[in-house]
**Student:** 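Structure provided below as structure tokens; questions to follow.
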Amino acid sequence: MTNQDPATVVLTGATSGIGAAAAQLLAGSARRLILHGPEPAAAVRPLLDRLRSAGRAEIVYAPADFDRLDDVVALADHVAGTTDQVDVLINNAGRPGAPQRRCSDDGYEATLQTNYLAAVLLTERLLPLVPETGRVVHVASATHLSATFDLDDPQLRRRYEPAAAYARSKLALVAHAVREAAHIRPGIVSVHPGVVATSLLHAMFAVRGEPASHGGSNVVAAALRADVPSGAYLDERQVAEPAGQVRDATFREDLHRLTTKLLGPWLHRAS
């Protein structure tokens with residue numbers, strides 16, 4: 001990956017918060033910007049109009065509800081029908097841990113599905129379109145540093161806490177990036193975008209944060225900087241050490257096997 005302007009960027013969770021801020025920045029550099037959000041296109045038309053007037057990028061919008069993994073497959077198909085190459089994939093879509101444990105339409109703990117399983121599935125479905133010089137970015141969180149992922153209870157049936165559900169989903173994302181760096185040719189990194197004042201932050205934590213533009217610029221830097229090694233975890237702009245569990249190769253392989261099992265019905269589903 002170089003600092004050159006990317007031709008095509010796919011950005012999930014692009015209709016609010018950090019994602020919308022990143023989209024605003026990328027609209028001035030990318031040639032094509034494929035945006036995802038959970039809302040129908042009519043609900044986000046003002047945002048799309050602003051992005052179209054903000055720069056040269058062709059703006060394409062594709063709605064999908066990550067509570068349904070079938071929607072993730074459909075999103076990947078939409079992207080593949082729009083372009084034959086994805087230079088940058090930014091997995092930014094995320095949700096806070098729900099106040100009470102709930103399951104997705106597919107029966108998985110909802111925070112894990114939206115924040116982790118959907119990102120991995122979309123990455124796997126789009127990898128054939130990402131060139132060796134491309135990059136995948138997982139938007140993670142420094143909260144992962146205090147999390148533990150219990151492989152014997154991936155659905156949090158024994159004990160559920162909203163903030164812990166969120167943090168361990170981000171730990172899984174960071175671990176995925178570290179593992180995949182040794183197995184795929186495009187670069188892949190994870191990034192903590194900062195403590196940013198979004199509805200997601202305020203749903204779980206009583207703290208103030210930086211403006212969304214701060215997080216958006218850190219995400220874009222993670223996507224475009226040429227000096228970031230594949231597999232790196234970035235704390236904003238700095239390469240940092242991820243959580244101890246992430247650094248455990250045995251854990252990463254066990255998580256990979258679990259993830260493959262959970263996503264099995266969708267990984268190779270025909271379009």
Side-chain angles (χ1 to χ4, degrees), residues 10-19 36-39 62-79 89-127 136-141 143-144 147-177 179-180 188 190 198-201 203-204 245-246 251-252 254-269:
V10 175
L11 171 62
T12 70
T15 56
S16 63
I18 292 171
H36 153 267
E39 308 92 339
D65 182 353
F66 282 6
D67 238 24
R68 297 187 293 268
L69 292 174
D70 282 347
D71 272 24
V72 180
V73 174
L75 173 60
D77 290 345
H78 188 132
V79 172
L89 167 61
I90 303 175
N91 288 307
N92 170 71
R95 71 185 335 147
Q100 303 294 325
R101 180 183 179 273
R102 61 171 292 269
C103 288
S104 70
D105 287 1
D106 302 304
Y108 299 144
E109 193 274 312
T111 317
L112 181 70
Q113 175 157 323
T114 294
N115 295 1
Y116 174 64
L117 293 175
V120 173
L121 178 59
L122 184 63
T123 300
E124 289 295 323
R125 300 285 301 205
L126 292 182
L127 269 180
V136 177
V137 178
H138 289 336
V139 179
S141 168
T143 62
H144 93 277
T148 299
F149 195 109
D150 184 352
L151 292 164
D152 294 325
D153 186 24
Q155 306 305 334
L156 292 179
R157 292 188 175 94
R158 292 197 287 266
R159 181 179 181 182
Y160 178 87
E161 295 177 355
Y166 175 80
R168 67 107 191 214
S169 72
K170 296 300 186 176
L171 184 147
L173 266 185
V174 177
H176 179 263
R179 182 196 182 272
E180 292 305 298
I188 180 168
S190 59
T198 64
S199 58
L200 188 153
L201 176 74
M204 294 182 294
Q245 195 173 24
V246 169
F251 167 75
R252 295 196 301 268
D254 289 344
L255 177 64
H256 172 72
R257 282 189 287 270
L258 171 66
T259 304
T260 300
K261 179 180 178 181
L262 295 177
L263 291 177
W266 295 274
L267 281 172
H268 305 294
R269 179 170 294 176

**Student:** Taking all heavy atoms of Ser104 and all of Gln113, pick out the closest pair and write down the distance.
**Tutor:** OG-OE1, 2.6 Å
**Student:** Do Arg101 and Arg157 have side chains that approach each other closer than 4.5 Å (heavy atoms only, starting at C-beta)?
**Tutor:** yes
**Student:** Is a side-chain donor or acceptor of Glu180 paired with a backbone partner of Ile188 at a separation under 3.5 angstrom?
**Tutor:** no
**Student:** If every non-hydrogen atom of Tyr116 is compared with every non-hydrogen atom of Ala172, which pair is closest and at what distance?
**Tutor:** CE1-O, 3.4 Å
**Student:** Test of understanding: with side chain to side chain donor-acceptor pair (under 3.5 Å), list the residues that count as partners of Glu161, not counting sequence neighbours.
**Tutor:** Arg159
**Student:** Measuring from atom CD of Glu109 to atom CZ of Arg168, what distance do you get when rounded to the nearest 0.5 angstrom?
**Tutor:** 5.0 Å
**Student:** In the structure I gave you, are the side-chain heavy atoms of Val72 and Trp266 within less than 4.5 Å of one another anywhere?
**Tutor:** no
**Student:** CG of Leu156 to CG of Asp150: how many Å apart, nearest 0.5 Å?
**Tutor:** 8.5 Å
**Student:** Step by step, would you call Thr259 with His176 a side chain to side chain contact (heavy atoms under 4.5 Å, CB included)?
**Tutor:** CA-CA 10 Å; Thr259 304; His176 179 263; 5.8 Å; no
**Student:** What are the two closest non-hydrogen atoms of Lys170 and Val139, and how far apart are they?
**Tutor:** NZ-O, 2.8 Å
**Student:** Is there side-chain contact between Leu267 and Leu121, with at least one heavy-atom pair below 4.5 Å?
**Tutor:** yes
**Student:** Out of Asn92, Leu173, Leu89, which one pairs with His138 under the side chain to side chain contact (heavy atoms under 4.5 Å, CB included) rule?
**Tutor:** Leu173
**Student:** Of Leu117, Thr111, Leu112, which is the lone residue that meets side chain to side chain contact (heavy atoms under 4.5 Å, CB included) with Asn115?
**Tutor:** Thr111
**Student:** Identify the heavy atoms of Leu151 and Pro154 that sit nearest to each other, and give their distance.
**Tutor:** O-CD, 3.5 Å
**Student:** Of Leu122, Leu126, Leu127, which is the lone residue that meets side chain to side chain contact (heavy atoms under 4.5 Å, CB included) with Glu124?
**Tutor:** Leu127
**Student:** Looking only at atom types and distance, does a side-chain atom of Asp65 sit under 3.5 Å from a main-chain N or O of Asp67, one as donor and one as acceptor?
**Tutor:** yes
**Student:** For residues Ala98 and Tyr160, report the shortest heavy-atom separation together with the two atoms involved.
**Tutor:** O-OH, 2.7 Å
**Student:** Check whether Gln155 reaches the backbone of Tyr108 with its side chain - one donor and one acceptor, N or O, closer than 3.5 Å.
**Tutor:** no
**Student:** Taking side chain to side chain contact (heavy atoms under 4.5 Å, CB included) as the test, write out the residues that go with Arg257, two or more places apart.
**Tutor:** Glu253, Asp254
**Student:** Which heavy atom of Thr15 sits nearest to which heavy atom of Gly37, and what is that distance?
**Tutor:** CG2-CA, 3.9 Å
**Student:** Aromatic rings His36 and Phe66: how do their planes relate, parallel, tilted or perpendicular, breaks at 30° and 60°?
**Tutor:** parallel
**Student:** When rounded to the nearest 0.5 angstrom, what is the spacing between NE2 in His256 and NZ in Lys261?
**Tutor:** 14.0 Å
